[in-house]
Participant: 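Before we start, here is the structure in question, set down as structure tokens.
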There are 2 protein chains.
Amino acid sequence: MFNHEVGKLLPMTTETGATPHDQDVNWLDESQQRSWRAYLVGTTLLMDRLDRDLREQHRLSLPEYEILVRLSEVRGNRMRMAVLADSVSHSRSRVTHTVTRMEQAGLVTRDSCLSDGRGVEAVLTPYGRQVLENAAPTHVAGVRAMLVDLAADDDFAAVGRVFDAVADKLVESNPALDIR
Amino acid sequence: MFNHEVGKLLPMTTETGATPHDQDVNWLDESQQRSWRAYLVGTTLLMDRLDRDLREQHRLSLPEYEILVRLSEVRGNRMRMAVLADSVSHSRSRVTHTVTRMEQAGLVTRDSCLSDGRGVEAVLTPYGRQVLENAAPTHVAGVRAMLVDLAADDDFAAVGRVFDAVADKLVESNPALDIR
DNA sequence: AGGCCTTCGTTGAATGTTCAACCACGAGGT
DNA sequence: ACCTCGTGGTTGAACATTCAACGAAGGCCT
């Protein structure tokens with residue numbers, strides 16, 4: 001018998017039935033599925049919105065904003081490219097491109113690293129700091145309005161725990177290769 | 001006095017100090033900041049990884065996979081483009097492009113809608129179903145290993161609640177405009 | 001029938017991201 | 001000094017996404 005209804009599964013579960021090596025798959029249960037899908041669409045909409053707000057109000061993308069924040073937090077307002085990349089969890093290539101755009105916009109400059117001939121540091125400019133300081137209030141307000149203030153404190157703390165674990169796991173299992 | 005240390009704030013909080021209209025900003029507290037950042041990097045790493053796994057093992061991107069799932073779940077395995085777009089929370093344009101690629105790969109076909117001359121339906125092909133059924137177990141295993149099984153049941157349920165609220169809020173406040 | 005407004009979906013260009021290849025430099029061994 | 005290897009960062013092309021503009025059809029009103 002041929003099963004045309006794959007079943008109500010979240011973006012990933014697909015209770016098949018007429019498929020190769022099945023029933024040894026550990027599908028998500030109903031409630032897990034709902035949570036997973038809520039997370040998927042919620043995250044999509046949220047990131048989309050935060051990015052849009054920053055762009056419209058400050059001509060800044062979310063990834064650019066994150067880089068400005070990282071630079072603003074360290075002493076000297078300068079960071080090696082690789083460290084910066086790790087800290088935002090983006091590929092090196094991506095950070096190179098992003099920093100190039102930010103450099104053209106006057107938000108940062110590049111400076112070669114004295115202690116290591118290969119190294120390059122991204123440096124926050126006064127203008128970059130200014131843009132960040134203008135953008136930050138808008139952004140925080142958005143994060144509150146669309147996320148933090150919608151959740152019970154305990155629930156939001158749980159989100160923190162869960163994704164801490166996720167990040168640990170994924171940094172851990174990072175296939176030594178420059179996987180990114 | 002000029003404040004060079006912006007302060008330890010999450011990707012968004014930036015306790016400024018020497019800035020325009022400050023202190024009327026409702027910054028996140030320490031714990032909220034940690035949660036927010038964990039969520040940001042965790043999500044980045046997680047999506048990255050799930051996408052990579054699908055690509056390497058099944059020549060399928062995560063957005064493509066989600067579309068296959070949606071189609072597989074609905075009666076007739078066909079869906080209007082707009083409904084599909086809403087269900088995955090992507091822009092119509094994006095879905096148009098994605099479906100075009102998927103059509104070229106033989107995963108879906110397009111069919112014009114009889115009841116509405118403007119309408120177009122995406123239809124899952126048998127091959128598309130096959131690819132989905134092959135990919136699903138891998139994908140679910142990934143979702144479990146990098147997320148679900150790392151979290152306490154209560155914590156994961158909390159994630160569901162939080163992002164349900166987020167999605168509701170954002171669909172709600174959707175500026176009537178075809179914002180996407 | 002005509003006109004106006006909206007929604008549906010597509011298009012192509014601009015923008016961002018990934019991917020593979022690459023060069024320069026540092027580290028360790030001989 | 002010389003290899004060899006790994007790392008840091010960049011490059012350009014391929015690929016994916018966004019954005020603004022558009023044509024086609026439905027809905028409504030007169």
Side-chain angles (χ1 to χ4, degrees), chain A residues 44-45 47-56 59-67 78-105 108 110-122 174-180, chain B residues 44-45 47-56 59-67 78-86 88-105 108 110-123 174-180:
Chain A
T44 301
L45 292 170
M47 292 311 183
D48 222 63
R49 173 63 177 272
L50 292 175
D51 186 72
R52 188 181 308 280
D53 286 352
L54 279 174
R55 281 179 199 279
E56 289 175 353
R59 303 193 163 284
L60 217 51
S61 72
L62 185 51
E64 286 167 351
Y65 181 87
E66 289 180 54
I67 287 180
R78 53 177 57 233
M79 247 186 190
R80 289 284 295 266
M81 296 297 282
V83 178
L84 190 49
D86 284 350
S87 90
V88 294
S89 296
H90 291 164
S91 70
R92 288 168 201 245
S93 174
R94 181 173 176 180
V95 171
T96 292
H97 287 301
T98 305
V99 166
T100 300
R101 288 189 295 269
M102 294 174 74
E103 200 173 11
Q104 284 161 2
V108 300
R110 266 182 235 257
D111 202 359
S112 54
C113 181
L114 299 92
S115 55
D116 183 342
R118 300 165 295 181
V120 173
E121 291 182 325
N174 184 353
L177 315 168
D178 66 329
I179 193 66
R180 337 183 38 43
Chain B
T44 301
L45 292 170
M47 292 310 182
D48 222 62
R49 174 63 178 272
L50 293 176
D51 187 73
R52 186 179 309 278
D53 287 351
L54 280 174
R55 281 180 199 279
E56 288 175 354
R59 304 193 162 283
L60 216 52
S61 71
L62 185 50
E64 287 167 351
Y65 181 88
E66 290 181 53
I67 287 180
R78 52 177 58 231
M79 245 185 192
R80 289 283 297 264
M81 296 296 282
V83 178
L84 189 50
D86 284 350
V88 294
S89 296
H90 291 165
S91 71
R92 289 168 196 238
S93 175
R94 181 173 176 181
V95 172
T96 291
H97 287 301
T98 306
V99 165
T100 299
R101 289 188 295 268
M102 294 174 75
E103 200 174 12
Q104 285 162 1
V108 300
R110 267 183 236 255
D111 201 358
S112 55
C113 180
L114 298 93
S115 56
D116 183 343
R118 299 165 298 180
V120 172
E121 291 183 326
V123 187
N174 183 352
L177 316 168
D178 67 328
I179 193 66
R180 332 182 39 54

Participant: Between B/Leu84 (CG) and C/dT10 (C1'), how many Å, whole number?
Facilitator: 15 Å
Participant: Check whether any side-chain heavy atom of A/Thr100 sits under 4.5 Å from a side-chain heavy atom of A/Arg110, and report yes or no.
Facilitator: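 Touching, per the 4.5 Å side-chain cut-off.
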Participant: With B/Arg80, which residues qualify under salt bridge (charged side-chain N to carboxylate O under 4.0 Å, His left out), at least two apart?
Facilitator: B/Asp116
Participant: For nucleotides 24-29 of chain C, which of its nitrogen or oxygen atoms have a protein nitrogen or oxygen under 3.5 Å away, and what is each distance?
Facilitator:
residue : atom : partner  : partner atom : Å
C/dG26  : OP1  : A/Gly117 : N            : 3.1

Participant: Partners of B/Arg94 by side chain to side chain donor-acceptor pair (under 3.5 Å), sequence neighbours excluded?
Facilitator: none
Participant: Mind calculating the distance between CE (B/Met79) and C1' (C/dG9) to the nearest angstrom?
Facilitator: 16 Å
Participant: Nucleotides 14-18 of chain D: which of its N/O atoms have a protein N/O under 3.5 Å away?
Facilitator:
residue : atom : partner  : partner atom : Å
D/dT17  : OP1  : B/Arg94  : NH2          : 2.9
D/dT17  : OP2  : B/Arg101 : NH2          : 3.0
D/dT18  : O4   : B/His97  : NE2          : 3.1

Participant: Excluding sequence neighbours, so at least two apart, what forms side chain to side chain donor-acceptor pair (under 3.5 Å) with B/Thr96?
Facilitator: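 Here no residue qualifies.
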Participant: Send over the distance from B/Glu56 CD to C/dA20 C1', rounded to a whole Å.
Facilitator: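 So the CD-C1' distance, B/Glu56 to C/dA20, works out to 14 Å.
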Participant: I need the CG-C1' distance between B/Leu54 and C/dT18, as an integer number of Å.
Facilitator: 16 Å
Participant: Would you kindly give the CZ-to-C1' distance between A/Arg92 and C/dA21, to the nearest whole Å?
Facilitator: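 After rounding, the reported distance stands at 16 Å.
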Participant: Please identify each residue that fulfils salt bridge (charged side-chain N to carboxylate O under 4.0 Å, His left out) with B/Arg101, with sequence neighbours left out.
Facilitator: none
Participant: Could you pull out all residues at least two apart from B/Arg59 that satisfy salt bridge (charged side-chain N to carboxylate O under 4.0 Å, His left out)?
Facilitator: none
Participant: Output one line per pair: protein atom, nucleotide atom from nucleotides 1-3 of chain C, and distance, for all N/O pairs under 3.5 Å.
Facilitator:
none

Participant: Going by side chain to side chain contact (heavy atoms under 4.5 Å, CB included), name the residues that satisfy it together with A/Asp51, two or more places apart in sequence or in a different chain.
Facilitator: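 With neighbours one apart ignored, the set is A/Arg55, A/Ser61, A/Leu62, A/Pro63.
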